[in-house]
Amino acid sequence: MLAALTALQQADTAFPSGSFAFSNGLEGLIADNPTFDEAALARTLAAALRFRWAGTDRVALILAHRAGPAIERLAAIDAALEAASLSEPMRVGSRRNGASLLASHARLGTPGAAELRAAVRAGRLLGHLPVVQGALWPALGLDERNAASVSGYLFASGLTSAAVRLGAIGAIEAQRSLSGALPLIAELLDERVPEPEGEIELTGFTPLIEIAAMRQAQAELRLFAN
């Protein structure tokens with residue numbers, strides 16, 4: 001029961017993870033499409049979950065979860081995630097979000113957080129968000145499945161929350177879209193993540209979202225960091 005309650009805490013938008021500052025490309029998509037609506041959000045959620053989170057963020061988190069405190073292994077996962085993030089706004093956003101989460105856990109005294117933060121500051125780790133999540137959450141009692149579930153929920157709820165804050169849809173429409181995405185998250189959680197025998201390959205690819213994020217990074221006015 002404690003693990004379930006801890007998972008709820010980590011998935012709570014009130015937790016100071018820093019994720020509120022990032023739209024993960026959604027702001028750019030909405031800027032490019034003035035008619036962006038609930039149906040467009042549902043399509044974006046499905047595409048982002050299936051073609052980005054499932055093959056990149058989820059895999060990196062699970063591998064980091066298995067790696068434990070092994071900094072060299074975490075660094076290899078971090079490097080693979082860096083290489084898989086083609087867009088600079090998405091790449092930098094992941095590292096900044098990871099740093100924010102790490103800072104909060106260090107202040108909360110989460111076991112291992114101070115050491116991970118020191119490794120990032122020393123340049124031994126890049127500190128991408130999924131790697132930080134996967135490295136921190138085992139110490140809180142979250143097993144691999146629970147950790148991946150929290151990650152998937154945060155990924156989807158972050159997009160729906162950003163859509164509301166950008167004024168594209170209302171809160172009810174956002175919750176309807178989020179509810180519609182939950183079965184897909186559950187389906188994707190059932191996909192096995194084998195331990196790589198050689199190089200770590202992360203297969204996520206969402207070019208339209210990444211292009212939108214790059215365009216929005218050049219905007220004079222924007223609400224989110226990416």
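Heavy-atom basis, side chains included; hydrogens, waters and symmetry copies ignored.
Counting heavy-atom neighbours within 6.0 Å of Glu199 CD, excluding the residue itself, gives a total of 12 or less. Arg96 CZ: 12 or fewer foreign heavy atoms inside a 6.0 Å radius. Heavy atoms of other residues, nucleotides or ligands lying less than 6.0 angstrom from CD of Glu88 number 12 at most. Around CG of Leu5, the count of heavy atoms belonging to other residues, nucleotides or ligands within 6.0 Å exceeds 12. Counted within 6.0 Å of CZ on Arg107, heavy atoms from surrounding residues, nucleotides or ligands total 12 or fewer; the atom is thus considered open.
The backbone N or O of Pro138 lies less than 3.5 Å from no partner atom in the side chain of Asp143, so there is not a single donor-acceptor pair. Put simply, the side chain of Arg165 gets close to the backbone of Phe20: a donor and an acceptor are under 3.5 Å apart. In this structure, Asp78 contributes its side chain and Leu126 its backbone to a donor-acceptor pair below 3.5 Å. Judged by distance alone, the side chain of Thr160 and the main-chain N or O of Ser157 form a donor-acceptor pair under 3.5 Å. Using a distance-only test at 3.5 Å, with no hydrogens or angles considered, no donor-acceptor pair links the side chain of Ser17 to the main chain of Leu101.
Contact of the Arg52 side chain with the Ser85 side chain is registered, since non-hydrogen atoms from C-beta on lie closer than 4.5 Å. Residues Ser100 and Pro16 have side chains not in contact (no heavy-atom distance under 4.5 Å, counting atoms from C-beta outward). Between Leu63 and Pro196 there is a side-chain heavy-atom pair separated by less than 4.5 Å. Side-chain atoms of Thr56 and Phe51, non-hydrogen and from C-beta on, never get closer than 4.5 Å to each other. Side chains of Glu82 and Arg95 form a contact here, defined as non-hydrogen atoms less than 4.5 Å apart. Within the 4.5 Å cutoff, the side chain of Asn146 has no heavy atoms near those of the Trp137 side chain.
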Check: residues 203-211 side-chain donor-acceptor pairs under 3.5 Å, at least two apart:
unit_1	atom_1	unit_2	atom_2	d
Glu210	OE1	Leu86	N	3.4
Glu210	OE1	Ser87	N	2.9

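Here the closest non-hydrogen pair linking Ala213 and Gly25 is CB-CA, 3.9 Å. Closest approach of Gly141 and Ala3 over heavy atoms only: O-CB, 3.5 Å. Here the closest non-hydrogen pair linking Ala174 and Val164 is CB-CG2, 3.4 Å. Between Ala67 and Leu74, the closest heavy-atom pair is CB-CD2, 3.9 Å. Considering every non-hydrogen atom in both Met90 and Asn24, the closest pair reads CE-O, 3.5 Å. For the residue pair Ala168 and Ile30, the shortest heavy atom distance occurs at CB-CD1, 3.7 Å.
With rounding to the nearest 0.5 angstrom, the OG atom of Ser151 is 12.0 Å from the CD atom of Gln10. Expressed to the nearest 0.5 Å, how far CG of Leu45 lies from CG of Leu41 amounts to 4.5 Å. The distance from the CG atom of Leu188 to the CZ atom of Arg50 is 5.5 Å, given to the nearest 0.5 Å. Atom OH of Tyr153 is separated from atom CG of Leu189 by 14.0 Å, given to the nearest 0.5 angstrom. Between the CD atom in Gln216 and the CG atom in Leu221 there is a gap of 9.5 Å [rounded to 0.5 Å]. Separation of atoms CG (Asp37) and OG (Ser177) is listed at 9.0 Å; rounding is to 0.5 Å.
Checked against Leu102 for a side-chain contact (heavy atoms from CB on, under 4.5 Å), the options Leu125, Thr110, Leu116 give a single hit: Leu116. None of Leu81, Val193, Ile200 except one satisfies the side-chain contact (heavy atoms from CB on, under 4.5 Å) rule with Val59; the exception is Val193.
Clustering ILVMFWY residues whenever any of their side-chain heavy atoms sit less than 4.5 angstrom apart, transitively, puts Val150 in the very cluster that holds Ile77. Note: the hydrophobic cluster containing Leu202 also contains Leu61 (ILVMFWY, side chain heavy atoms under 4.5 Å, direct or indirect links). Linking Ile, Leu, Val, Met, Phe, Trp and Tyr whenever their side-chain heavy atoms come within less than 4.5 Å leaves Leu129 and Ile185 in two separate clusters. If you chain together hydrophobic residues whose side chains sit under 4.5 Å apart, Leu154 and Leu182 never meet in one group. Both Trp53 and Leu29 sit in one connected hydrophobic cluster of ILVMFWY residues. Membership requires side-chain heavy atoms under 4.5 Å apart, directly or through other members.
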Exercise for review: Verify side-chain contact (heavy atoms from CB on, under 4.5 Å) between His65 and Gln133, making sure each step is shown before the conclusion.
Suggested key: CA-CA 8 Å; His65 191 284; Gln133 291 170 331; over 6 Å; no
**Study point:** From CA spacing to verdict: side-chain contact (heavy atoms from CB on, under 4.5 Å), Leu166, Phe36
**Key:** CA-CA 11 Å; Leu166 289 163; Phe36 194 95; over 6 Å; no
Review point. For Leu26 and Phe224, what are the C-alpha separation, side-chain angles and deciding distance, and is it a side-chain contact (heavy atoms from CB on, under 4.5 Å)?
Key: CA-CA 9 Å; Leu26 191 70; Phe224 294 95; over 6 Å; no
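Look at Glu27 and Arg222 and you find no salt bridge, because none of the NZ, NE, NH1 or NH2 atoms lies under 4.0 Å from a carboxylate O. Look at Arg58 and Glu187 and you find no salt bridge, because none of the NZ, NE, NH1 or NH2 atoms lies under 4.0 Å from a carboxylate O. Between Glu115 and Arg124 no salt bridge is recorded (no basic side-chain N to carboxylate O distance below 4.0 Å).
Under the ring pair (Phe, Tyr, Trp, His ring centres under 6.0 Å) criterion, His105 pairs with Phe15, sequence neighbours left out.
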